[in-house]
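Worksheet: one structure, shown below.
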Amino acid sequence: MNSDQDTIAAFSTPPGESGIAVMRLSGPDAAAICDRLFIPSSNMFPKPSRMKGYTLAPGIWAGIDDVVLSCFRAPHSYTGEDVFEISCHGGKAVREGILSSALASGARAAGPGEYSRRAFLNGKLDLAAAEAVMDLIEAQAEKQAKAAYRQLKGDLSNAVRVRADQLYAVLAHLEMLLDWDEEEEREEDRITLTSDLKEAESALRHLASTFRSGRVVREGLHVVIAGNPNVGKSSLLNALSGRARAIVSDIPGTTRDTVDIDLTLDGYLLHLTDTAGFACETEDPIELEGIVRAGDALNDADVVLWVLSPPLPERHARYHQEERIDALVTQGIPVLLILGKDDLRSTLSYDDDPVCYAAERFPDLPTLAWSYKDPEALTKLKEKLVTFIEKGFLSTDADRSEGGISEKDRDCDGVASAIDNAEERDLRQEASSGYSTGSEVLITHERHKAAVDRAANLAQQAIRDLERGLSFDLVAITVREAITELSLITGDDVSETLVEMIFNRFCIGK
Amino acid sequence: MPSLAEAMKKEHAFLAGEADIIVVGAGHAGCEAALAAARLGCRVILFTMTLDSLANLPCNPNIGGTAKGQMVREIDALGGEMGRLADEHMIQFRMLNASKGPAVKSPRAQIDRTGYQRGMKHVLESEPNIRLIQQEIVDLLVKEGAVEGVIAATGSLYRASRVILCPGTFMDAEVIIGESVCSSGPDQLAPSRGLGDALKVLGLPTTRFKTGTPGRFHFRSLDTDVMELQHADAVPRPFSFDNEDDPTWRPLAEKPCYITWTTAGTKKLIEENLDRSPLYSGVITGIGPRYCPSIEDKMVKFPDHQRHHVFLEPTGLDTAEMYASGLSSSMPEDVQAGIYKTVPGMESVEVMRPAYAIEYLCVDPTSLTLALETKAVQGLYLAGQINGSSGYEEAAAQGLMAGINAVRSLRGEPPCIIDRSQAYIGVLIDDLVTKGTSEPYRLMTSRAEYRLLLRQDNADARLTPLGREIGLVSDSRWQRFLEKQSAIEQEKSRLQSVRVPKDDFSDRVLEEAGSTPLKHSVNLLSLMKRPELNYDNLALLDPERPDLAPSVRECVEVDIRYEGYIRLEQERVDRFRKLERRLMPENINYKKIRGIRLEARQKLDERRPVSLGQASRISGVSPADIQVLLVWLEQHHRQTKAK
Ligand SMILES: Cc1cc2nc3c(=O)[nH]c(=O)nc-3n(C[C@H](O)[C@H](O)[C@H](O)COP(=O)(O)OP(=O)(O)OC[C@H]3O[C@@H](n4cnc5c(N)ncnc54)[C@H](O)[C@@H]3O)c2cc1C
Ligand SMILES: Nc1nc2c(ncn2[C@@H]2O[C@H](COP(=O)(O)OP(=O)(O)O)[C@@H](O)[C@H]2O)c(=O)[nH]1
Ligand SMILES: [Mg+2]
């Protein structure tokens, strides 16, 4: 369970690109965590744990960024605990890097209103302020209840549930051996336990890798439209934005530069980037420059819409394209194949049909049949993007047939859940720019990711312990801790679920 | 429900006795409650349905086992009786889980059933503050929400301002064997009628639970040659601190168990006769324990298991009755007889007592405080199986605590509440009172969050000081306890000071122990932390080693080898305690606290937790609700201070 003894971390400056961002670490381990991550820029500055009262020190944070560390020792700080503030450069990569390094070093992502709550409990806020904190927490409680309910049904929670169940099965096995099996230890149990744990661990690692940062919800989704010239990229952008922005033409390579537009979709922010096509035979320096920029945009994308339209390119160009798509996949950037100009499909031969081509060459990538003439295709595309934002994966066509996701229960990552629409988001923005600082959406996503990461690490430790020959009672402690991490997402009462599991799986009792 | 004054107005009213504390029921709960109260100086009356069956062991006469064994040692450390008596009447000892780690190592003993009963009767009779009376109690005397005494079936009245009810499985009990249902307590003892109604009148929520026991068989009729033999441990260990390290202590006997298995024939027979099982025909409606399923239950729930264990265990020193663990059943007698024919070694078995199920009335323990006092009636305590638990040890632990707390309340002292990080006793009572139970509750080590701290080897260290404070630990035991603790500390610092040099000799010793040579000289204490090393295989490197008592050695070894894990566990306990220490004001109006969800509000209002920690364990109260309460408490605290 979340405890007031944990050291918590969150950005206290508003999200979004800004010159400087400030992350706050508060709690008993704040200094120790800074010691691990922060290298003072010269000997003139002390190690963080030696910093006293209110002091400043420039230095490097975990090799990520040049930062300035400000130290406020308990009780003379906002929360009344040891507080360290890290002022860093405001870019997204830097911010994420700094926060995740803090989380990896033992901090926990701050919950909504948590800084203020601590401040209040430590006597740093007066009663009037406390009233306001109360209001905030009350609102949060409601949202969390809502979120918890949705999470129960949500895909994220289901995914975690499945992994948690694997761990429960291991723990139930262990507990059965400890509580009910009167024989001495058997080697085969150790072997089964190890292999079950390995399975659980790799499933957890996989799950962790599918999480993306909550920044997507908070700061918008970077969608990059890519593909060869003249496949209909600009038309796609225009269709999504509802107005003619990019230049649409029959001449390949018209879009020489990237075109960016921002738009909202179901209350989420999208940054759309239209790129120049990747014409490989061009000599035109302007066009070449466009291609380079397109490449940069791709590397920064949260999701790439890759348009494939008839006629399919020559073998050489096709090869180049495949290489680029494969590279994106290896980088872990999600790709949705847009099978464009679907209206022309009836006129195509098999060899020219992007649908057949995609099925053959990229059977694992999700696809969407697209035509700028078909309003339904647009609806489907929007749905897919919303699902992607909310659930972190691109649905396949099979999923899509289940109907609109907006009707379905959305996975709501903790408080992020509460953001059903832009209006509510604005509300939150207000709350977090007021006296409360710790309620960024980014955190809740990070929080879940961090919980899954920790569970995976604990599973790994349990495996090592089993291999080292440690006794089962100690292994059980570690597995239980891993489950407890996941229960932060699933909301399980660990003991109850465990006892249930033991009785269901094992024939117990003499 | 009459008050004493009202009852006295009746013609021929007879006030037959008066005491500080009345205990109803002389099972494991009642006996511990009466002894604790009497030893703390109170005058006690202890009632039993019959003086011929005190501290009965109606199921398997074995005491201890996983979690339970630890708890017997805890009861002993606090000054309870069970451990001492079990040591005295032990006929087989086994240390379970010896290879699975110190946290789950659990002592378990087979007991001479009638000897234990006689022993308890003798202890009770020798206690000057206890009056032992054979009388069925059928009603309570209550005035203005406080208990004043009890009424016996004969109409006699007994006065006391504290009453502890420990009627076990006797209240409105029915024994069920197949189609036969008869109103009876266990072992053909008379059931208790009336008391259950009295509790209902008082508004206590009640329910019916069910449990069962297998048959008993004449030893001569078992073909033990076809069974596997299971011997007692070569080195028996006593439960009680009094007998610890005493070279003269021995069990009465070391009787073995015999193991056999059910067969495909058993399965087939049960499946064919399921319609005659009261469990499945609907005769039994009470909820039975999942950890103690009948053989028919096991067949239905685990159809893939081809066979199930059967343990034939001795039930006494001088009796031929053997208990068939694993064959609990409520099937009709003819089906039972058929079942035995299918089990190797039991084909021509002589049944001495048939297997049966028993249904009885018990009380929802969430209606109690952590001191085991009913919230509805002041001075009325419940302990043992009446609280939805099951098991001798569970009963004894509750009895002990109820006895202690009744005395403390009489003296105007705050109750003694043991928390989940201190003892299994704390886990047991907190689980029952805070969460309630939907089946007969059995303690398990997996129910304890801080299992590594709640070990059998340190039960004395954990609880003797508390027992001393309560007043149940004698001067001589206290002295011995202090000596043991200082011996442990001394040995630890000795091990720290003994250095092992890096040389050929140490290389060889370590290699033989399956370890790796030293890089440089180290002390013994840090060497012992290597998983593959222990006291035994380090002996050659420790020539000056003093002659240590086995119990001291065990504690030192666990303390050193698990030091890292123990420290981590201790840190978690410190966090847990923080919430436990945040007390809820008594008259808190949950309806007025904004931000708590409705479900949680109702639960909190109903259960009225004493601390924030307890609140957090109530099902339906979420972490978010706890956050709200935390802030509310602080607010409340400051407001009251300001006034
Ligand atoms: C058939 C059966 C099977 C069991 N199986 C198991 C098992 O498999 N595992 C397990 O852990 N436990 C089992 N138990 C439970 C175990 O026996 C009990 O949990 C334990 O004995 C309860 O102790 P107690 O002190 O609460 O009550 P008991 O030991 O039942 O003692 C009750 C006492 O109260 C007295 N009494 C009752 N009513 C009155 C009254 N109105 N007036 C005066 N005296 C009264 C009785 O005479 C008796 O002395 C079983 C019990 C039975 C009967
Ligand atoms: N039939 C058909 N034509 C399309 C579709 N999408 C784009 N086009 C046409 O294809 C040509 C190239 O479009 P454009 O969006 O500029 O492609 P880009 O170079 O990839 O950006 C234009 O003439 C569009 O009108 C479509 O879905 N169906
Ligand atoms: Mg274009």
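Residue numbers begin at 1 in each chain, while the letters A, B, ... track the order of the sequences.
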If you count heavy-atom pairs under 4.5 Å with chain A, which of B:Ser446, B:Ala103, B:Ser619 comes out on top? B:Ser446

Proximity breakdown for A:Glu175 and chain B, heavy-atom pairs closer than 4.5 Å: side chain

Inter-residue atom distance B:Ile295.CD1 - B:Ser328.OG, 0.5 Å rounding: 9.0 Å

Should the pair B:Arg567 and B:Tyr562 be classed as cation-pi, given the thresholds of under 6.0 Å to the six-membered ring centre and 45° from the axis? no

Under a 4.5 Å cutoff for heavy-atom pairs, which residue among B:Arg617, B:Glu532, B:Lys435 has the most contacts with chain A? B:Lys435

Do B:Arg575 and B:Glu580 sit within salt-bridge range, that is, some charged N less than 4.0 Å from a carboxylate O? no

Non-hydrogen side-chain atoms of B:Phe576 and B:Arg420 separated by less than 4.5 Å: yes

Where does B:Glu439 contact chain A at under 4.5 Å (heavy atoms): side chain, backbone, both or neither? side chain

Chain B: which of A:Ile477, A:Thr478, A:Asp179 shares the most heavy-atom pairs with it under 4.5 Å? A:Asp179

Name the region of B:Arg572, side chain, backbone, both or neither, that has any atom closer than 4.5 Å to a heavy atom of chain A. side chain

Please determine if B:Lys100 and A:Glu185 form a salt bridge, counting it only when a charged side-chain N lies under 4.0 Å from a carboxylate O. no

B:His637 portion near chain A, given a 4.5 angstrom heavy-atom threshold: neither

Across all chains, not counting sequence neighbours, the side chain to side chain contact (heavy atoms under 4.5 Å, CB included) partners of A:Gln166 are A:Arg163, A:Glu199, A:Ala200, A:Ala203

Salt bridge (Lys or Arg N to Asp or Glu O under 4.0 Å) partners of B:Lys301, counting only residues at least two apart: none

Atom pair OG (B:Ser325) and NE2 (B:His309), whose distance is rounded to the nearest 0.5 Å: 10.0 Å

dist B:Tyr450:OH -> B:Gln570:CD (nearest 0.5 Å) comes out at 10.0 Å

Chain A heavy atoms under 4.5 Å from B:Glu571: which part of the residue, side chain, backbone, both or neither? neither

Is B:Leu630 in contact with chain A via its backbone, its side chain, both, or neither, using a 4.5 Å heavy-atom distance? both

Which one of B:Lys578, B:His305, B:Arg447 has the most heavy-atom pairs closer than 4.5 Å to chain A? B:Lys578

Between B:Pro102 and chain A, which part of the residue has a heavy atom less than 4.5 Å away: side chain, backbone, both or neither? both

Who passes side chain to side chain contact (heavy atoms under 4.5 Å, CB included) against B:Asn458, sequence neighbours left out? B:Arg455, B:Ala461, B:Arg462

For residues B:Lys105 and B:Leu96, determine if any side-chain heavy atom of one lies less than 4.5 Å from a side-chain heavy atom of the other. no

What parts of residues 459-467 of chain A touch chain B if we use heavy atoms and a cut-off under 4.5 Å? A:Gln461, A:Asp465

Given that the side chain runs from C-beta out, which part of A:Leu171 has a heavy atom under 4.5 Å from chain B: side chain, backbone, both or neither? neither

Is A:Arg118 close to A:Leu121 at the side-chain level, that is, under 4.5 Å between some pair of heavy atoms? no

